Amino acid sequence: MKIATWNINGVKARVEGALTWLAQAQPDIACLQEIKSVDEAFPSERFEELGYNVAVHGQKGFNGVAILSKLPFDEVAPGLPGDGDDIQARYLETVVSTDGTAVRVICIYLPNGNPVDSEKYPYKLAWMARLEEQVKSLLAFEEAFVVAGDYNVIPADEDVHDPEAWAGDALFRPETHAAYRQLLNLGLTDAYRACHNEAHQYSFWDYQGGAWQKNNGIRIDHLLLSPQAADRLKGCEIDSFTRGWEKPSDHVPVWIELS
DNA sequence: ATGTCGATACTTTATCGA
């Protein structure tokens, strides 16, 4: 089973590119972030034509997540628990099953958090604390699950072209690293790092400053696996080639293969 | 080169968020 994550930076602007990649990469499940669309405007039919079932948790203008699945959804649950006042669409949880084996697939768009002296940074840290609580609850089931998405977290120096340039940024601050480490320490596996040890492999290149041409990237799109999912991990790759396409997203797809 | 992009609104240009 191939499960992918991709921040597409606007589904309206990216639908053709997304369809091209889906037809070529053939993931069984694709988690999309930053769809920047309300549910009603999401072009579900275009994805259904490729054989996908569609679950959307949208919002006007910003944020928004969706999950495409060739397998039918057993469950669909939008929204990260823990704050009833949070209206930002950043979390979508689904369950699919094949041959009697279920896998829970969670699509997240973790808050960016910049600028760090604004209310956005405490919101990011609070969101990460809520995610940690949710993951704790899910781990109690002792089942396979994948938390895939744009984490807006650069895990380590080796995941950024220039650590100095990112010092103090919300994606790279000590508090951010601490919260991410706490999440991993619950028992989750970073699929990419479980499969690769080479440094400077990125999933995002800024539109500005010729970042793609200079390979000034960061690795912020992750698939974290429960122990039961990690046991089934066969591989993990980054499809960086999409960044060179016409009208690219600033993020590229990352995917895993599970047995 | 602070060098881009997408969505929004009292739109055709400024603002926001990334």
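Everything quoted here is computed from the prediction, not taken from an experiment. Throughout, a chain's letter reflects where its sequence line sits, starting with A, and its residues are numbered from 1.
Applying the ring-ring contact (aromatic ring centres under 6.0 Å, His included) test to residues at least two apart or on different chains, none of the pairs has a partner in residues 68-116 of chain A.
With rounding to whole Å, A:Lys12 atom NZ is found 18 Å from B:dC5 atom P. Put simply, CZ on A:Arg14 is 15 Å from P on B:dT4, counting in whole angstrom units.
Through ILVMFWY side-chain contacts below 4.5 Å, A:Phe62 is grouped with nothing and stands alone.
Comparing the same atom, P, in B:dT15 and in B:dG3 gives a spacing of 16 Å after rounding to whole Å. The P atoms of B:dG6 and B:dA1 are separated by 26 Å, rounded to the nearest whole Å. With both ends at atom P, the span from B:dC16 to B:dC10 equals 14 Å, rounded to whole Å.
With sequence neighbours excluded, the residues that form a side-chain contact (heavy atoms from CB on, under 4.5 Å) with A:Gln201 are A:Tyr192, A:Glu198, A:Ile238. With sequence neighbours excluded, the residues forming a ring pair (Phe, Tyr, Trp, His ring centres under 6.0 Å) with A:Trp21 are A:Trp6, listed by chain and number. For A:Asp169, the side-chain contact (heavy atoms from CB on, under 4.5 Å) partners are A:Asn114, A:Trp166, A:Leu171, not counting sequence neighbours. Scored by the side-chain contact (heavy atoms from CB on, under 4.5 Å) test, A:Gln228 finds A:Glu142, A:Ala144, A:Ser226 as partners (sequence neighbours excluded). A:His200 pairs by the side-chain contact (heavy atoms from CB on, under 4.5 Å) definition with A:Tyr202, not counting sequence neighbours.
Taken to the nearest 0.5 Å, the NE2 atom of A:His222 stands 14.0 Å off from the CD1 atom of A:Ile256.
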With sugar-phosphate taken as primed atoms, P, OP1 and OP2 and all else as base, the protein-contact string of nucleotides 13-18 of chain B at under 4.0 Å (heavy atoms; B, S, -) is ----SS

Below 3.5 Å is the cut-off: list the nitrogen or oxygen pairs between protein and nucleotides 9-12 of chain B, distance only.
residue	atom	partner	partner atom	Å
B:dA9	OP1	A:Lys60	NZ	3.4

